[in-house]
Amino acid sequence: NEWKSMESLHKDSHANIMKIAVIGQSLFGQEVYKELRKDGHTVVGVFTIPDKDGKADPLATVAEKDGVPVFKFPRWRVKGQAIPEVVDRYKATGAELNVLPFCSQFIPMEVIDHPKHGSIIYHPSLLPRHRGASAINWTLIHGDKKGGFTVFWADDGLDTGPILLQRECDVEPNDTVNTIYKRFLFPEGVKGMVEAVWLITKGKAPRITQPQEGATYECIQKKDNSKIDWNQSAEAIHNWIRGNDKVPGAWAELDGQKVTFFGSTLVDNGTAANGQPLDIPGASQPGIVTKSGLVLFGNDGKTLLVKNLQFEDGKMIPAAQYFCSGGSTAVELTEEEKSFAEQMRVVWKSILTNVSQIEDSTDFFKSGAASMDVVRLVEEVKLRASTCQLQNEDVYMNTTFQDFIQMCVRKLRGKNGEEELVVDYVEKNINNMTVKIPHQLFINGEFVDADGGKTYKTINPTDGTAICEVSLAQISDVDKAVAVAKEAFESGEWGKMNPRDRGRLIYKLADLMEEHQDELATIEAMDSGAVYTLALKTHVGMSIQTFRYFAGWCDKIQGSTIPINQARPNRNLTFTKKEPIGVCAIVIPWNYPLMMLAWKTAACLAAGNTVVLKPAQVTPLTALKFVELAARAGLPKGVVNILPGSGSLVGQRLSDHPDVRKLGFTGSTEIGKHIMKSCAVSNVKKVSLELGGKSPLIIFGDCDMDKAVHLGMSSVFFNKGENCIAAGRLFVEETIHDQFLKKVVEEVKKMKIGDPLDRSTDHGPQNHKAHLDKLLEFCQMGIKEGATLVYGGKQVQRPGEAAGGAGMATESCLLLIQLLNLRFCFPAVPGFFFEPTVFTDVQDHMYIAKEESFGPIMIVSKFKTG
């Protein structure tokens with residue numbers, strides 16, 4: 001790209017080296033300084049601010065290590081006049097160009113104009129708009145859709161000098177000063193400053209006079225002028241709060257004290273806020289303290305949500321906890337945790353150098369800590385406890401040493417101090433236990449109702465009764481889930497997490513699944529008809545194993561280094577780097593609800609992706625129980641989202657959504673084709689499809705007959721035939737055909753059909769009514785085309801009785817089946833039980849020979865010897 005090619009030009013051209021004075025401060029100044037030196041320029045002097053509380057500015061720290069002369073003048077002028085001694089010391093460096101990346105001091109024109117090439121300065125707005133020291137704040141306060149920065153030829157401090165270069169970016173609706181600075185203004189600003197120097201050395205730097213049109217100059221934002229005016233629209237209030245976030249902080253009076261508001265987002269007004277009202281003087285109506293934060297109203301009736309509040313004493317709390325009295329009970333530290341606390345006490349002492357001793361009551365900020373110290377403290381914690389992923393806000397909310405340690409310990413134990421997961425359980429006393437089943441959508445770490453409160457009934461196939469009402473996701477719910485999954489991937493804790501720590505969370509999830517395996521297996525049996533013992537071993541057991549397997553992969557996903565043959569004289573190498581793709585949509589079938597989830601989700605999470613999953617509409621419950629356990633395991637908000645709903649609505653929207661980067665689907669070939677087309681047309685997203693099949697099993701005359709019968713039956717009747725790898729056709733050599741069929745029927749008669757929770761049951765109900773009807777139609781088609789129905793082919797009338805007793809199918813039996821199912825109107829009997837079925841004399845042209853039944857139907861064709 002342009003930046004890389006420019007970088008190579010810098011390094012290849014020694015004629016471009018220049019003597020530079022860097023005048024400024026902060027990490028931004030430090031990075032510009034480092035890049036200029038990397039490009040070969042000579043930094044003849046660094047002019048920065050004096051040490052504060054015994055700590056040098058980051059720019060001074062790195063320059064002193066490099067042996068570059070560092071000057072820390074408290075001021076450059078007095079009463080508007082340059083201080084001669086200071087100017088003389090500057091001139092003695094022999095600088096040919098002054099670079100001012102970020103400078104809070106007034107630099108006299110005697111210094112600005114002295115070098116051969118003058119002075120350039122960075123400004124974080126698109127001049128002439130937003131001149132002044134609070135440019136980023138006002139970009140957000142005015143709701144600008146575009147932001148950016150300008151590198152201009154320095155003037156007398158009024159930001160009116162000629163423009164050298166500008167770069168612009170989109171301003172996101174919920175950007176704060178911090179987010180836009182970190183995303184664009186800092187990284188691209190460093191590149192822009194270095195590019196400007198390169199243009200100067202090449203003699204290509206323009207001097208574009210700033211236009212008068214569109215010029216603005218706003219005041220410096222300070223605490224005393226950042227009070228919120230409530231007589232505005234919700235969007236204007238939101239812009240005011242985010243434009244002052246974090247410094248100086250927009251504030252208002254609540255209950256007689258100044259409270260500062262942080263973390264504002266605009267809210268969709270389609271959903272009513274539920275919570276406790278909070279009177280706000282001057283506001284058009286009271287705010288509402290909800291579990292998500294503080295909902296505020298503009299004079300237009302629209303709403304915004306504030307995440308955090310800070311009181312006059314510096315204490316910050318989640319806005320959702322405004323009415324909570326007192327703090328949570330202090331946890332007692334283990335010996336290992338006490339050791340960690342002492343390590344952190346040493347860290348606090350190294351930062352707060354003016355404090356003689358760190359007591360439990362020592363306040364980080366009242367003892368002189370600044371925002372850069374917060375960044376350092378967060379990083380120091382990561383070095384000593386990598387699983388304790390702190391955000392800067394965690395420090396602001398826990399300012400005393402005791403509160404800070406308690407917060408860290410809670411995070412290390414998986415109790416991250418956020419609100420307790422709220423689950424509106426449906427409870428069932430069944431299988432000698434009480435199962436607790438979530439039934440709502442799961443979006444952004446919360447169980448929530450679907451948009452419009454829409455629900456549907458999920459049915460127990462054992463008796464045809466409703467288990468519970470389940471939230472039915474709408475298109476708007478899909479959009480919300482994808483948005484939070486994208487945010488969790490791009491800017492959340494998950495995307496920043498060390499792969500090994502990610503693996504630890506997935507291991508913890510597997511452990512929780514194992515603790516709840518009986519409950520999961522019971523839910524699976526209720527919702528899908530899986531025999532409990534099979535569900536325990538396969539549906540749940542293999543799911544646990546899958547998560548453990550992929551947890552081990554997290555820190556082993558790596559690329560390759562590949563030599564380029566004959567690439568002389570440089571002997572170049574290429575390398576590959578495997579990175580997570582982003583938001584993955586998963587659409588799973590109903591035959592193995594939990595295991596299909598595990599196979600797809602575990603791999604996505606191990607690679608660092610986020611997930612939006614649509615379980616089959618008829619079997620949503622184990623997915624919802626799973627995600628409850630995922631939240632309790634500590635997976636961050638937005639990483640896994642579950643949306644029960646219809647394929648035509650939810651599945652289609654996931655296929656079409658531009659922010660979904662990959663979609664995985666298991667189901668029918670017809671739907672798979674449609675999904676592939678939608679994925680291609682929308683954004684050419686990656687897609688993985690596992691579709692229909694008709695696998696053959698061939699049995700020769702010299703086989704071990706008992707083994708052949710056992711394998712033939714298990715390949716067809718396992719999990720009620722609802723198995724994607726089932727043997728769709730059996731080819732049996734004619735010399736053993738009759739003997740094979742006889743033994744199969746004998747074994748089928750021994751199978752017990754009944755309640756899947758009965759430990760002696762071999763064969764539970766089919767998954768749902770529509771599938772049962774399809775199997776009955778399938779059998780009718782086979783009979784109509786001339787295949788021989790050897791056994792079964794009908795719905796069991798009284799679940800719990802053995803499947804035997806009918807013997808070989810007779811003509812009268814076949815007639816009965818046809819009469820009962822006339823016009824495909826099948827009898828309404830309790831439960832969706834279907835007899836294991838055997839067809840023979842099946843010819844290749846027949847429907848049942850070509851199509852997958854996905855049920856317990858053995859299709860036998862015989863072939864001649866030789």
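This is a predicted model, so every value here is computed, not measured.
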Undergrad: Of all residues at least two apart in sequence or in a different chain, which pass the salt bridge (charged side-chain N to carboxylate O under 4.0 Å, His left out) check with Glu515?
TA: none

Undergrad: Using atom types as modelled, flag every donor-acceptor pair under 3.5 Å from a side chain in residues 586-600 to any protein atom, sequence neighbours excluded.
TA:
from   : atom 1 : to     : atom 2 : distance (Å)
Asn591 : ND2    : Glu722 : O      : 3.3
Tyr592 : OH     : Asn723 : OD1    : 3.3
Lys600 : NZ     : Thr666 : OG1    : 3.0
Lys600 : NZ     : Glu690 : OE1    : 2.7

Undergrad: Can you measure from CD1 (Ile523) to NZ (Lys436) and round to the nearest 0.5 angstrom?
TA: 11.5 Å

Undergrad: Applying side chain to side chain contact (heavy atoms under 4.5 Å, CB included), name anything that partners Ala481, two or more places apart in sequence or on another chain.
TA: Ile443, Val612, Asn641, Leu643

Undergrad: Distance from Thr522 atom OG1 to Lys625 atom NZ, nearest 0.5 Å?
TA: 11.0 Å

Undergrad: Aromatic contact between Phe626 and Phe442, with the criterion being ring centroids under 6.0 Å apart: yes or no?
TA: no

Undergrad: Within this structure, what is the CD1-OG1 distance for the pair Ile437 and Thr622, rounded to the nearest 0.5 Å?
TA: 10.0 Å

Undergrad: Kindly write out the residues that satisfy side chain to side chain contact (heavy atoms under 4.5 Å, CB included) with Asp738, not counting sequence neighbours, or none if the list is empty.
TA: none

Undergrad: Is the backbone of Gly634 close enough, under 3.5 Å, to the side chain of Lys508 for a donor and an acceptor to pair up by distance?
TA: no

Undergrad: Salt bridge check: are Asp758 and Lys752 linked by an N-O gap of less than 4.0 Å?
TA: yes

Undergrad: Would you confirm whether Thr837, through its side chain, and Ile857, through its main-chain N or O, come within 3.5 Å as a donor-acceptor pair?
TA: no

Undergrad: If you measure from the Lys or Arg side-chain nitrogens to the Asp or Glu carboxylate oxygens, is any gap between Asp844 and Lys850 under 4.0 Å?
TA: no

Undergrad: Applying salt bridge (charged side-chain N to carboxylate O under 4.0 Å, His left out), name anything that partners Glu851, two or more places apart in sequence or on another chain.
TA: none

Undergrad: Would you confirm whether Lys428, through its side chain, and Ile467, through its main-chain N or O, come within 3.5 Å as a donor-acceptor pair?
TA: yes

Undergrad: Report the residues that fulfil side chain to side chain contact (heavy atoms under 4.5 Å, CB included) with Asp424, sequence neighbours left out, ordered by chain and then residue number.
TA: His439, Gln440

